[in-house]
There are 2 protein chains.
Amino acid sequence: MDTKKRSDCPISCSLDVWGDKWSLLIVRDLMFAKQCTYGDFLKSDEKIATNILATRLQMLEENGIVAKLNHPDSKAKVLYRLTQKGIDLLPIMIEINLWAEKYFTLPAERKALLKEIKKNKEGFLKARIKELKES
Amino acid sequence: MDTKKRSDCPISCSLDVWGDKWSLLIVRDLMFAKQCTYGDFLKSDEKIATNILATRLQMLEENGIVAKLNHPDSKAKVLYRLTQKGIDLLPIMIEINLWAEKYFTLPAERKALLKEIKKNKEGFLKARIKELKES
DNA sequence: TAAATTTGCTTGCATTTTGCAAGTACAAAT
DNA sequence: ATTTGTACTTGCAAAATGCAAGCAAATTTA
């Protein structure tokens, strides 16, 4: 897949992996839901096209950000989860949320969550990481 | 320009503005250099194409992230700088660097900077914001 | 147990974005 | 007066995106 590296800059290398319009939305879904099926991603508000979703999931898996797991209930279903590398994107995600809060009008529920985050950023982070790691 | 919003999610809204492969590299250049000419951006390692650069700068300006200033020495030159909204992307940029440090091999100089950042994140942030604000 | 449905994709094709090379307009230097 | 520098624009080929339809295996329903 997209394997060429534009430079050695950490920002550039990171963008080469997840710097498109969709990857971080997939990661976001997994940070909220902890685990998602293929269909769950398709249901998100942004309405990602199914071929794009398949490509992105493959890319994120190749890059060790998400992992595919067997669904306990059915062989027809697949579970996607964040790896440690994916979970480590949480601080970036939080900062994006905080930036967006300053410059966009957010849904009330998200505002509430951000209030909680700002109250105790480190605490929130640690708690969320723990939850995402639990099997 | 790209003015449609995919959803009300802060992550999605943010990506709609600067979530492409190039915008954050432009912002990065301005965070390091404080101000850049059009030519300065073209000189960066990643070798952005000139038409893409023009489009991105316009987009970033329309979205209030960068501002165009007159160059003190010449009418032929233009200076680009970060606005407050652009400067506020610094925490995101720092977190991306910290993530990348964990998962990529970085150039030695960048590693040194990151060491400094980790020693005192808040202090670094404040100092850098102050520098970027100075005229 | 056969048929219908769910699930996770793949395929084909039109539209959009990107990337490269060349060109242009205005300012400044020679 | 001519050449050079600076900031773009334009044209076109290649790649990525987006939409709709198709498909195979697993599961549910009749």
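In what follows, chains are A, B, ... by sequence order, proteins preceding strands, each numbered from 1.
Closest non-hydrogen pair, B:Leu42 versus B:Ile48, comes out as CD2-O, 3.6 Å. B:Lys85 and A:Trp99 get closest at one heavy-atom pair: O-NE1, 3.0 Å.
Distance check, rounded to the nearest 0.5 Å: CG of B:Asp45 to SG of A:Cys9 gives 8.0 Å. Here OG of B:Ser14 is found 6.0 Å from CD1 of A:Ile96. Values are rounded to the nearest 0.5 Å. Note: A:Asp40 CG to A:Ile26 CD1 = 12.5 Å, rounded to the nearest 0.5 Å.
Across the protein-nucleic acid pair, B:Arg56 atom CZ and D:dT9 atom C1' stand 16 Å apart, rounded to whole Å. Protein atom CD of B:Gln58 is 13 Å distant from nucleotide atom P of C:dT17, rounded to whole Å. Between A:Leu15 atom CG and D:dA16 atom P there is a gap of 16 Å when expressed in whole angstrom units. Between the CG atom of B:Asp20 and the C1' atom of D:dA15 there is a distance of 16 Å, given to the nearest Å. Following rounding to the nearest Å, A:Leu79 (CG) and C:dT7 (C1') show an atom-to-atom distance of 12 Å. Atom-to-atom, CG of A:Asp40 to C1' of C:dT7 comes out at 11 Å; the value is rounded to the nearest Å. Summarising the geometry, the separation between OH on A:Tyr38 and P on C:dC9 is reported as 6 Å, rounded to the nearest angstrom.
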Stepwise salt bridge (charged side-chain N to carboxylate O under 4.0 Å, His left out) check, A:Lys102 with B:Asp88: CA-CA 9 Å; A:Lys102 194 163 172 183; B:Asp88 285 335; 2.9 Å; yes

Output, in order, the C-alpha distance, side-chain angles, deciding distance and verdict of side-chain contact (heavy atoms from CB on, under 4.5 Å) for A:Leu89 and A:Met31. CA-CA 9 Å; A:Leu89 290 169; A:Met31 283 179 174; 3.9 Å; yes

Before you tell me yes or no, could you show the steps for B:Arg28 and B:Glu46 under salt bridge (charged side-chain N to carboxylate O under 4.0 Å, His left out), namely the whole-Å CA-CA distance, both residues' side-chain angles and the distance that decides it to 0.1 Å? CA-CA 12 Å; B:Arg28 170 207 61 187; B:Glu46 294 86 7; 2.7 Å; yes

Evaluate B:Glu131 against B:Lys126 for salt bridge (charged side-chain N to carboxylate O under 4.0 Å, His left out), listing each step before the verdict. CA-CA 9 Å; B:Glu131 285 176 52; B:Lys126 275 194 181 159; over 6 Å; no

Do B:Lys21 and A:Asp20 pass the salt bridge (charged side-chain N to carboxylate O under 4.0 Å, His left out) test, and can you show the C-alpha distance, the side-chain angles, and the key distance before you say yes or no? CA-CA 6 Å; B:Lys21 287 243 185 277; A:Asp20 65 279; 5.3 Å; no

Anything under 3.5 Å between a protein N or O and an N or O of nucleotides 25-27 of chain D, put it in a table, one pair a line.
unit_1 : atom_1 : unit_2  : atom_2 : d
D:dA26 : O3'    : A:Ala76 : N      : 3.3
D:dT27 : OP1    : A:Ser74 : OG     : 3.4
D:dT27 : OP1    : A:Lys75 : N      : 2.4

Pairs under 3.5 Å (N/O, protein and nucleotides 2-5 of chain C):
none

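For residues 74-95 of chain B, every residue pair satisfying the ring pair (Phe, Tyr, Trp, His ring centres under 6.0 Å) rule, not counting sequence neighbours, is listed here: B:Phe41-B:Tyr80.
Contact annotation: A:Lys4 side-chain N/O to C:dG19 OP1/OP2 distance is not under 4.0 Å. Phosphate contact (OP1/OP2 of C:dT7, side-chain N/O of A:Tyr80, threshold under 4.0 Å): absent.
For DNA chain D, none of the residues of residues 22-35 of chain B falls under the heavy-atom distance limit of 4.0 Å. A heavy atom closer than 4.0 Å to some atom of DNA chain C occurs in A:Thr50, A:Asn51, these being the qualifying members of residues 41-53 of chain A.
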Extract all donor-acceptor atom pairs below 3.5 Å that involve side chains of residues 112-120 of chain B and protein atoms in other chains or at least two apart in sequence.
unit_1   : atom_1 : unit_2   : atom_2 : d
B:Lys118 : NZ     : B:Glu101 : OE1    : 3.1
B:Lys118 : NZ     : B:Glu101 : OE2    : 3.3
B:Asn120 : OD1    : B:Gly123 : N      : 2.9

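Paired with A:Ile94 under the rule side-chain contact (heavy atoms from CB on, under 4.5 Å), one option of A:Ile92, A:Asn97, A:Leu90 passes, and it is A:Leu90. Looking at B:Lys5, B:Arg6, B:Lys4 one by one, the single match for side-chain hydrogen bond (donor to acceptor under 3.5 Å, both in side chains) with B:Asp16 turns out to be B:Arg6.
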